[in-house]
Amino acid sequence: MTNPLLNLREGPVARLRLNRPELHNAFDAMLIAALTGALEAVAADDSVRVVVLEGEGASFSAGADLNWMRGMAAASEEANRTDSLALARLMRTLDELPRPTIARIQGAAFGGGVGLVACCDIAIASADAKFGLTESKLGLLPAVISPYVLDAIGPRQARRWFATAEIFDAATALEIGLLHQVVEGDALDAAVQRQVDLLLKAGPHASAEAKTLVRRVAFERDRDRLDHDNAALIARLRVSEEGQEGLTAFLDKRKPRWIP
């Protein structure tokens, strides 16, 4: 049986590649479990500095596998709840992963595939990529992925795309905030590599904690607590081994030791 996920290491970079190209990397229970397990392993491995999430073949991920959906349609409500919680665990693991993540998108990114894109810190797509939150065509909704998609595109845009299930292009995905960059297909790898190179120049702990800082600042309403917490964070970083090395390297006009 073909491994549904390839875990490719390039030094400090882990490339997690969805590997069901004949099905446009559609989700099933095995792929969800494999990707969740790989992400959890990455979280525990301090030698990994950057994660690139990508898809083998023509598409990034076309969402749910039809055979898997057929099986779940015949299952009980409790079984469907358990199955959906497994997908929720995957999305949350990716969203909160203590490593910077890059989504490399080509071809189709539908349904849960959009969820994966939204959970990544940086999202870059080829100009011919297509996106869609297509669940409402089936009488469903993108409920499990909704927190992450809303974080990316905001409630106003979500109200449209969740309801219509309309397919949209990469330019629209860029405009509404799902993507950070759109390039021609032959420039996709170079654009991803540029982001990898930038992340490898940043302090490992600083780049890993960036998303935690953003999440805390975005949702904290107590300004006094926010000032206190942010002052505590920068003080801790300044006296940390990484902060001391970064500041010393800057003053000495040399590269910090973490740059490979």
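For the single chain, residues carry numbers from 1 onward in sequence order.
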Kindly indicate whether the side chain of [X], heavy atoms from C-beta on, has any atom under 4.5 Å from the side chain of [Y].
| X | Y | answer |
| --- | --- | --- |
| T172 | W161 | yes |
| F131 | I105 | yes |
| L116 | L18 | yes |
| R236 | E209 | yes |
| L94 | T101 | yes |
| F110 | K130 | yes |

(request) Step by step, work out the side chain to side chain contact (heavy atoms under 4.5 Å, CB included) result for L31 and W68. (result) CA-CA 11 Å; L31 179 54; W68 178 49; over 6 Å; no
(request) Using side-chain hydrogen bond (donor to acceptor under 3.5 Å, both in side chains) as the criterion, point out the one residue from Q193, R194, K201 that pairs with D197. (result) Q193
Grab the two heavy atoms, one from [X] and one from [Y], that are nearest each other, plus how far apart they are.
| X | Y | answer |
| --- | --- | --- |
| L133 | V149 | CD1-CG1, 4.1 Å |
| R99 | V51 | CB-CG2, 4.3 Å |
| Q106 | G57 | NE2-O, 2.9 Å |
| A152 | A118 | CB-CB, 4.1 Å |
| A14 | V48 | CB-CG1, 4.0 Å |

(message) Quick check on R215: does its CZ atom have over 12 non-hydrogen neighbours (other residues, nucleotides or ligands) under 6.0 Å away?
(response)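 Yes - once you tally the heavy atoms of other residues, nucleotides and ligands closer than 6.0 Å, there are more than 12.
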Out of curiosity, [X] [atom1] to [Y] [atom2], how far, rounded to the nearest 0.5 Å?
| X | Y | atom1 | atom2 | answer |
| --- | --- | --- | --- | --- |
| F27 | R20 | CZ | CZ | 10.5 Å |
| I122 | I102 | CD1 | CD1 | 4.5 Å |
| S126 | D186 | OG | CG | 10.0 Å |
| N3 | M30 | CG | CE | 8.0 Å |
| L16 | L6 | CG | CG | 9.5 Å |
| M91 | T36 | CE | OG1 | 9.0 Å |

(message) Using the side-chain contact (heavy atoms from CB on, under 4.5 Å) definition, which of the options C119, P142, C120 pairs with Y148?
(response)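 Single pass found, and it is C119.
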(message) Can you see whether S207 engages R49 through a side-chain donor-acceptor pair at a distance of less than 3.5 angstrom?
(response)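 There is no such pair between these side chains.
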(message) Testing the 3.5 Å rule here: is there a donor-acceptor pair between the side chains of R216 and N230?
(response)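 On atom types as modelled, these side chains qualify, holding a pair under 3.5 Å.
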(request) Using a strict cut-off of less than 4.0 Å between a Lys/Arg side-chain nitrogen and an Asp/Glu carboxylate oxygen, indicate whether E245 and R254 qualify as a salt bridge. (result) yes
